[in-house]
Amino acid sequence: MTLGILIGFFIDQYPKIIKAVDKMTSWAIYLLLFLLGIGVGLNEMIIKNLPTIGLQALILTIGALAGSLILAYFTYSLFFKSKK
Amino acid sequence: MKNSLIILGFFTLGLFLGLSKFLPDFIMESDFSMYALYLLMFLVGIGIGADRSSWKVIKETNIKIILVPLCVVIGSLLGVGAISIFLPHIHLKEALAVGAGFGYYSLSSIFITQISGETLGVIALLSNILREIITLLATPIFVKYFGKLAGIACGGATAMDTTLPIISKYSGKEWAIISVFSGIVLTILVPFLVPFILEIL
């Protein structure tokens with residue numbers, strides 16, 4: 001990744017390459033999630049427990065959002081409110 | 001939005017292929033998702049390095065703006081940490097890693113799958129997709145009760161792209177830059193923070 005960032009610094013004048021990299025990134029993500037999908041489909045433990053897993057995911061999301069919202073509220077009232 | 005649907009589509013396609021068990025053996029046995037991950041990391045790195053405009057935004061805005069992504073990081077991690085008490089099957093460390101996805105579900109779930117296995121990977125995928133969906137749906141309400149940073153905080157890493165329109169609509173256009181900034185910082189943090197939490201903490 002660090003190697004990638006360094007290369008990125010040098011190729012930033014070449015919009016065509018950047019576009020190609022963006023496209024490849026999307027496809028790499030698609031490929032990996034496709035593979036994750038296959039892995040999950042083959043994994044009977046996950047398939048059997050899907051409702052539990054979904055519920056756990058939802059609970060974690062609620063935790064993350066509640067924490068973020070509360071801190072955002074204080075940050076906003078303490079540092080940003082006067083700015084309007 | 002379109003991108004999210006494509007990603008979900010690929011995941012679902014893979015899911016059904018896996019369920020049907022109609023796959024050649026080499027896909028099931030070889031670990032070539034590992035190499036695909038290396039490739040992805042390399043590409044993400046190029047993307048970060050080449051995006052001069054994002055470096056510029058970071059340089060030009062005043063120091064106070066740092067507080068925004070910082071409060072998302074601390075808030076998310078405290079929140080998942082606290083709520084993981086109610087989840088007996090999930091370690092604190094695992095909960096923190098899921099929370100450290102900040103809505104960047106594709107990359108975070110890939111990392112978590114690679115390090116901690118598929119079960120937690122799927123939890124991360126669902127949890128972070130839910131984060132994006134809830135942000136899209138509930139930002140108007142959140143902004144009303146928690147102030148103008150609420151949408152940006154909920155959106156996490158997605159505040160720079162998918163949830164930006166709704167944030168700028170309900171918090172106001174002047175918050176769009178802060179939103180993009182926060183999203184960029186969090187997006188860059190995800191590939192560092194998630195492995196750090198799982199492997200070093």
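Scope of the values below: all heavy atoms of this structure, side chains included, with no hydrogens, waters or symmetry mates. So you know, we letter chains A, B, ... as the sequences are listed, proteins then strands, and number each from 1.
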Worksheet item: Pairs in or reaching into residues 89-101 of chain B: which pass side-chain hydrogen bond (donor to acceptor under 3.5 Å, both in side chains), with residues at least two apart or in two chains?
Response: none
Fill in: Contacting moiety of A:L55, where chain B heavy atoms sit under 4.5 Å
neither
Options [options], ranked by heavy-atom pairs under 4.5 Å with chain A, top entry:
options                       : value
B:L67, B:L125, B:T12, B:V72   : B:L67
B:A150, B:G101, B:G103, B:A82 : B:A150
B:V73, B:L78, B:V122, B:L77   : B:V122
B:L120, B:L149, B:I152, B:I90 : B:L149
B:G121, B:G99, B:G75          : B:G75

Check whether [X] reaches the backbone of [Y] with its side chain - one donor and one acceptor, N or O, closer than 3.5 Å.
X      : Y      : answer
B:S127 : B:A124 : no
A:T61  : A:A57  : yes
B:T158 : B:G155 : yes
B:K148 : A:Y76  : no

Nearest 0.5 Å please: distance from the [atom1] atom of [X] over to the [atom2] atom of [Y].
X      : Y      : atom1 : atom2 : value
B:L137 : B:T163 : CG    : OG1   : 11.5 Å
B:R131 : A:S68  : CZ    : OG    : 4.0 Å
B:T119 : A:I53  : OG1   : CD1   : 5.0 Å

Which answer fits [X], side chain, backbone, both or neither, if we ask what part of it has an atom under 4.5 Å from a heavy atom of chain A?
X      : result
B:T113 : side chain
B:F86  : neither
B:V80  : both

Worksheet item: A:G63, A:G54, A:A28: which one forms the most heavy-atom pairs within less than 4.5 Å of chain B?
Response: A:G63
Worksheet entry | Max heavy-atom pair count under 4.5 Å with chain B, selected residue of A:L58, A:L69, A:N49, A:I70 | A:L69
